[in-house]
Amino acid sequence: MAVVPASNVLDQLRWRYAVKKFDSSKKIPAETWAALEHAIVLSPSSYGLQLWKFVVITDPALREKLKAVSWGQTQITDASHLVVFCGRTGVTEADLDRHIGRMAQVRGVSADSLADYKKMMMGTTRAGFPAVEWTARQAYIALGVFLTSAALLGVDACPMEGFENEKYDVILGLKEQGYASAVVATAGYRATDDKYAEAAKVRFDVNDVIDRR
Ligand SMILES: Cc1cc2nc3c(=O)[nH]c(=O)nc-3n(C[C@H](O)[C@H](O)[C@H](O)COP(=O)(O)O)c2cc1C
């Protein structure tokens, strides 16, 4: 038997929608937010390299600044939490060593025993090349995990690409840290008068989209 019944998962995925209007008075409880942060961290990534960083912003003044470069979208200021999913702008040997070091520590093996693994990663990631598109794709996986986890926890969210990436990078000082913003998510609780909550979900039929062979 599945740990979570399939009908519960689907009910929550049908319940979720891209919130246009958050209730700014409602905040996500600390324990629930901590679970969402852990969910992000548990996202899978290519080679497990985790070439990402997630900037969580609750500061109202900073969020006002970001709204100005997010097409004025009110979710940016009204949601309980805002997360900017960022990817590394380039993959360096130090990034690979960081991962190898962590793996050695967690699994209780020597870094030397992982030398072949590192060499393989060096070859395929071409360490040093600008990999921002590749790392952004990884960040989107984390976005998916975040949105699904939020839905399962009964937290509303809105994924957002409607913002000026380069301006975010400047405001948040990401470039000098070797990161670039990829995508944003806002999370909190829907306003009772957000009409989008009642709109029927528009999806193609499962048999039109799933190609079974
Ligand atoms: C990558 C991505 C970027 C999006 N950007 C925005 C955005 O900037 N503002 C917004 O209100 N909705 C945004 N959306 C929400 C989509 O419009 C919404 O997910 C889609 O219409 C499907 O509706 P549903 O999520 O309510 O089921 C985005 C969704 C995704 C996946």
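When a ligand or atom number is given, it counts from 1 through the structure's own listing order.
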- Query: Are side-chain N/O atoms of Ser70 and Tyr168 paired as donor and acceptor at under 3.5 Å?
  - Reply: yes

- Is Ser70 touching ligand 1 with its side chain, its backbone, both, or neither, if touching means heavy atoms under 4.0 Å apart? neither

- Item | Tyr196 ring center within less than 6.0 Å of Tyr17 ring center | no

- Message: Test of understanding: clusters of I, L, V, M, F, W, Y form through side-chain heavy atoms closer than 4.5 Å, transitively. Do Leu174 and Ile57 belong to the same one?
- Response: yes

- Please state which protein non-hydrogen atom is closest to atom 8 (O) of ligand 1 and give its distance, to 0.1 Å? Gly162 N, 2.9 Å

- Query: Protein heavy atoms: any of them under 4.0 Å from atom 18 (C) of ligand 1?
  - Reply: yes

- Message: Checking a contact table here: which protein heavy atom is nearest atom 16 (C) of ligand 1, and how many Å away?
- Response: Ala18 CB, 4.2 Å

- Task: Taking only heavy atoms of Arg16 into account, list the atoms of ligand 1 that are under 4.0 Å away from them.
- Result: 24 (P), 25 (O), 27 (O)

- Residue from Trp52, Phe163, Phe54 passing ring-ring contact (aromatic ring centres under 6.0 Å, His included) with Phe85: Phe54

- Consider every N or O of Lys20 and every N or O of ligand 1, then say whether any pair is closer than 3.5 Å. yes

- Message: For the 3.5 Å polar cut-off, considering only N or O atoms, please tell me whether Glu161 and ligand 1 meet it.
- Response: yes

- Query: Starting from atom 9 (N) of ligand 1, which protein heavy atom do you reach first, and at what distance in Å?
  - Reply: Gln73 OE1, 2.7 Å

- Short N/O distance, under 3.5 Å, between Val183 and ligand 1? no

- Kindly compute the distance separating CZ (Arg190) from CG (Asp78), expressed to the nearest 0.5 Å. 15.5 Å

- Task: Show which atoms of ligand 1 fall inside a sub-4.0 Å distance from at least one heavy-atom site of Lys201.
- Result: 24 (P), 26 (O), 27 (O)

- Item | For atom 23 (O) of ligand 1, the protein heavy atom that lies nearest, with its residue and separation | Arg203 NH1, 3.9 Å

- Item | Contact summary for Ala187 and Trp33, nearest pair of heavy atoms | CB-CZ3, 4.3 Å

- Message: Any donor-acceptor pair under 3.5 Å linking the side-chain atoms of Gln177 with those of Lys53?
- Response: yes

- Query: Are the side chain of Ser80 and the backbone of Ile28 linked by a donor-acceptor contact shorter than 3.5 Å?
  - Reply: yes

- Query: Would Thr124 and Tyr47 count as having a side-chain donor-acceptor pair, cut-off 3.5 Å?
  - Reply: yes

- Right, does atom 21 (O) of ligand 1 have protein non-hydrogen atoms nearer than 4.0 Å? no

- Message: If you measure every N or O of Tyr17 against every N or O of ligand 1, does any of those distances drop under 3.5 Å?
- Response: no

- May I ask whether atom 12 (N) of ligand 1 is less than 4.0 Å from at least one protein heavy atom? yes

- Query: Counting only N and O atoms by type, is there a donor-acceptor contact under 3.5 Å from the side chain of Asp156 to the main-chain atoms of Tyr189?
  - Reply: no

- Message: When you compare the side chains of Ser110 and Asp112, does any donor N or O come within less than 3.5 Å of an acceptor on the partner?
- Response: no

- Between Lys21 and ligand 1, which residue portion shows a heavy-atom distance shorter than 4.0 Å: side chain, backbone, both, or neither? neither

- Query: Looking at Cys158, which atoms of ligand 1 are within less than 4.0 Å of one of its heavy atoms?
  - Reply: 10 (C), 11 (O), 12 (N)

- Message: Which option wins on minimum heavy-atom distance to atom 31 (C) of ligand 1: Ala182, Pro159, Ala199?
- Response: Pro159

